[in-house]
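What follows is a set of notes on a single structure, which appears directly below.
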Number of protein chains: 2
Amino acid sequence: MGRIRFRSVKSVMDNAKNQDPPREAAAHGDAVRGSNQSGMRAHNERLVLTLVRQMGPLPKAEIARMTGLSAQTVSVIMRALEADGLLEKGAPIRGKVGQPSVPMGLVAQGAYFLGLKIGRRSLEMILVDFLGRVQGRAQTSHRFPEPDAVVRFAEKAMTQLLGKLPVQHRKRLAGLGIAMPYRLWEWADALKVDPAQMAAWQDRDVAVEIAQRLEVPVYLQNDASAACGAELVFGDQDKPRNFLYFFVGFFVGGGLVLDNALYTGRTGNAAALGSAPVPSGDGQMRQLVDLASLATLEKALLNEGGNSDQIWGDSQEWTVPAHLLEHWLDGAAQGLAHVIAGSVCLIEFDCVVIDGWMPDHLREALVARTVAQLKRSALPGIDVPDIRVGTIGSDARALGAASLPLSNRFLVDRNALWKG
Amino acid sequence: MGRIRFRSVKSVMDNAKNQDPPREAAAHGDAVRGSNQSGMRAHNERLVLTLVRQMGPLPKAEIARMTGLSAQTVSVIMRALEADGLLEKGAPIRGKVGQPSVPMGLVAQGAYFLGLKIGRRSLEMILVDFLGRVQGRAQTSHRFPEPDAVVRFAEKAMTQLLGKLPVQHRKRLAGLGIAMPYRLWEWADALKVDPAQMAAWQDRDVAVEIAQRLEVPVYLQNDASAACGAELVFGDQDKPRNFLYFFVGFFVGGGLVLDNALYTGRTGNAAALGSAPVPSGDGQMRQLVDLASLATLEKALLNEGGNSDQIWGDSQEWTVPAHLLEHWLDGAAQGLAHVIAGSVCLIEFDCVVIDGWMPDHLREALVARTVAQLKRSALPGIDVPDIRVGTIGSDARALGAASLPLSNRFLVDRNALWKG
DNA sequence: CCTCAATAAGTAAATTAGATTTATTTAATA
DNA sequence: TATTAAATAAATCTAATTTACTTATTGAGG
């Protein structure tokens with residue numbers, strides 16, 4: 001319906017099925033769908049865009065070889081995408097026998113996306129281009145998140161961010177994504193807020209409310225899975241096809257990439273690893289969130305009479321006593337190692353990515369300790385996966401939010417091929 | 001190449017891409033493939049067969065509604081499948097307004113499949129029809145599995161089982177599946193066999209060797225995942241789209257169904273849950289296989305001077321002292337509960353299925369205790385999934401082996417759509 | 001240095017496959 | 001007899017493949 005089209009060309013741009021609210025899309029519990037020609041074309045267009053995004057600019061012939069599609073088909077598809085303003089020719093590459101190849105790469109101005117992060121302490125909206133580069137940013141902080149305030153902020157921030165964009169680019173806004181903790185209302189205690197004040201979240205659907213104020217599709221995802229999406233879509237290249245992701249913030253959560261696509265499962269809450277059981281030394285079971293979240297670090301800091309505001313203000317400039325950090329790092333690494341060891345038995349990841357809201361050196365220390373802990377507690381039959389530091393950092397959740405409309409409209413996913 | 005065709009019709013039957021050795025198919029690590037028309041047709045045919053298998057006989061119009069395909073397309077596809085001898089018309093259903101609907105169901109003789117189970121104590125081959133009904137069975141027991149003996153047995157059993165089949169049905173053999181423990185050679189100690197005698201498994205590929213003696217494709221899968229496949233393909237209807245599966249045999253292993261398809265991951269060894277870490281009371285980490293496998297029960301039995309042969313002979317008639325069973329059940333349930341609680345955070349299953357080589361009442365007791373244990377150790381944020389007893393039972397691995405060629409040629413899977 | 005064979009990229013036109021649309025037939029109920 | 005629903009034939013449409021060609025380059029031979 002009110003969906004923007006950049007060009008009136010039958011193409012991936014027209015794949016208008018994705019404007020359903022994200023909850024429905026995530027559920028995909030309907031009957032299995034058949035596939036038809038238009039689904040096929042849309043899929044092949046997404047495939048081309050996905051490959052170019054992953055590998056950088058590629059000539060048509062190379063795409064044809066990689067996809068197994070005929071050269072002619074790829075030629076038609078890529079010229080259409082070029083006409084759509086999503087791909088552009090690069091400088092011809094000479095030096096090899098035969099006609100020079102013309103690599104085609106993504107056009108930065110091809111599409112724009114808004115990402116809204118709803119955090120425990122702040123709201124943030126960013127505007128990114130087709131390459132995932134941040135073009136604008138708006139922020140506000142709060143003591144705890146409220147639906148009305150979120151909608152008001154979103155409306156103001158959208159206007160402000162889009163206002164900065166050259167007029168001809170504004171209509172290339174392709175969607176807005178929201179990254180928000182799952183079941184926000186259950187965390188009132190942890191946020192030291194009256195549960196009644198958080199109860200509003202149970203009945204409100206900010207995604208729908210924001211969608212009413214915008215002409216483009218709106219997607220909602222839990223914050224850690226969204227951050228995982230940022231790593232998948234915007235992260236360093238040569239990402240493996242399957243990986244497990246952790247984002248350590250006020251709480252800790254996970255994300256899961258299977259076959260190059262974010263896996264969000266039946267209810268959209270897959271990889272809710274904060275709840276994963278972790279044995280603590282005393283034989284009692286605890287949960288990953290008790291060990292590896294910044295809420296735990298904050299508590300320790302407050303117990304010693306410290307001030308926790310500095311943690312939430314800037315992710316790079318922390319002055320936390322070393323012994324507290326040490327203790328927190330050990331616990332967090334132990335928890336992460338246990339969850340990784342269990343998860344890798346279920347799904348064989350090529351690697352695990354750990355990111356979070358914290359100074360770079362701390363992220364690296366956390367990864368190093370997790371690796372060490374995994375080696376120490378090695379069990380037969382479990383291959384320790386490659387563990388890496390996230391390449392996005394503190395912005396992962398907002399960027400991940402922005403990646404949702406991008407993935408849904410321009411990248412291959414398991415559902416893109418089927419009939420609407 | 002040497003692939004049997006039941007009819008020279010362009011259809012799912014001709015989808016000859018699947019004859020690669022299963023390891024390659026499982027790896028699917030190649031570049032992402034594009035999709036073309038023949039892939040589309042093959043997919044839609046598989047979709048129809050999958051729906052009819054899941055739901056029972058369905059009229060064309062109903063399939064059209066469920067798949068979203070046009071009535072005409074479904075009509076063409078289903079008539080082709082009928083001509084292929086895979087579907088047949090049932091009695092017209094009258095009593096509703098309009099022309100009576102003619103439900104179409106699977107033809108039992110539409111295809112046959114061989115399933116070879118390589119066990120620690122025995123070899124078994126079964127022949128099943130398109131409905132998964134066992135049409136023939138051959139067995140032999142051994143002290144430990146040897147490649148040469150396996151190939152010899154397979155050759156003899158194939159001849160014998162196919163010999164029983166009416167001649168015109170023999171050419172409808174669609175493939176052979178093998179269910180075999182992963183990394184068999186690592187279990188020499190547990191089987192109390194000289195590691196040198198098991199080393200041969202490292203260099204031999206019985207799937208390839210058997211394939212050379214057979215005109216149809218051969219697939220290999222670890223035994224627990226194969227058993228999971230049996231539950232998916234042949235198990236009771238109304239199976240959820242996503243479930244976790246355990247098979248408790250000499251060892252314990254898992255299987256994983258995502259979006260109605262067996263998920264075997266990068267190396268084909270997904271859901272290797274026997275290796276999953278489980279905390280034991282004393283603060284030490286153990287693995288599920290130490291708690292929930294029959295090897296553990298056997299050890300306890302032998303420790304008390306009992307005879308374990310009765311366990312392996314018949315899965316229904318056990319005479320194991322009650323206190324040993326009690327102790328084993330408790331440990332196994334504890335282990336399963338921990339692994340389930342961890343796994344459900346990663347992937348939100350609709351349900352968990354537990355099956356195994358054991359008397360029916362014991363399987364039910366194991367499920368009941370696992371449920372109780374999960375409730376006892378409930379942690380916030382973890383929804384306890386529905387836990388069910390497997391509907392296949394002791395035959396699950398052999399039936400699962402037979403389900404592999406069936407799934408690969410006749411049912412939807414994530415890869416069926418792409419170009420070969 | 002020039003020429004030309006070889007090679008590879010890229011595309012237009014014709015062909016093919018398979019889904020959809022439209023119109024029609026059939027067979028039941030109300 | 002009107003209405004409804006299933007089923008399908010014929011025509012149409014879409015998108016991929018095949019075939020045949022052009023273009024632009026390198027590298028070998030003169």
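All chains are named by letter (A, B, ...) in the order of the sequence lines, taking the proteins before the strands, and each is independently numbered beginning at 1.
The CD1 atom of B/Ile77 sits 12 Å away from the C1' atom of C/dT20 (whole-angstrom rounding). Taking atom CZ of A/Arg41 as the reference point, atom C1' of D/dA15 lies 7 Å away to the nearest angstrom. One can place CD of A/Glu82 at 13 Å from C1' of C/dG10, the figure rounded to the nearest angstrom. Whole-Å rounding puts the B/Glu45 CD to C/dA17 C1' distance at 13 Å. At whole-Å resolution of the value, CD in B/Gln37 and P in D/dC13 are 17 Å apart. Per the geometry, CE belonging to A/Met78 stands 18 Å off P belonging to D/dA15, to the nearest Å. If you measure from atom CD1 of A/Ile93 to atom C1' of C/dG10, you get 15 Å, rounded to the nearest angstrom. Rounded to a whole Å, the CG atom of A/Leu69 is 10 Å from the C1' atom of D/dT17.
Taking the charged nitrogens against the carboxylate oxygens, A/Asp350 and A/Arg241 have no contact shorter than 4.0 Å, which rules out a salt bridge.
The phosphate of C/dG18 has neither OP1 nor OP2 within less than 4.0 Å of any side-chain N or O from B/Asn44. For the pair B/Asn36 and D/dA15, the criterion of a side-chain N or O lying under 4.0 Å from OP1 or OP2 is not met.
For the side chain to side chain donor-acceptor pair (under 3.5 Å) test, no residue two or more places apart in sequence or in another chain qualifies with B/Ser101. Partners of B/Asp129 under the side-chain contact (heavy atoms from CB on, under 4.5 Å) rule, at least two apart in sequence or in another chain, are B/Ala108, B/Tyr112, B/Leu131, B/Arg133, B/Gln135. Here B/Ser38 pairs with B/Asn36 under the side-chain contact (heavy atoms from CB on, under 4.5 Å) rule; sequence neighbours left out. With sequence neighbours excluded, the residues satisfying side chain to side chain donor-acceptor pair (under 3.5 Å) with B/Glu62 are B/Arg65. With sequence neighbours excluded, no residue satisfies side chain to side chain donor-acceptor pair (under 3.5 Å) with B/Thr50.
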**Study point:** Base versus backbone protein contacts along nucleotides 3-11 of chain D [heavy-atom cut-off under 4.0 Å; B, S, -]
**Key:** -BBBSBBB-
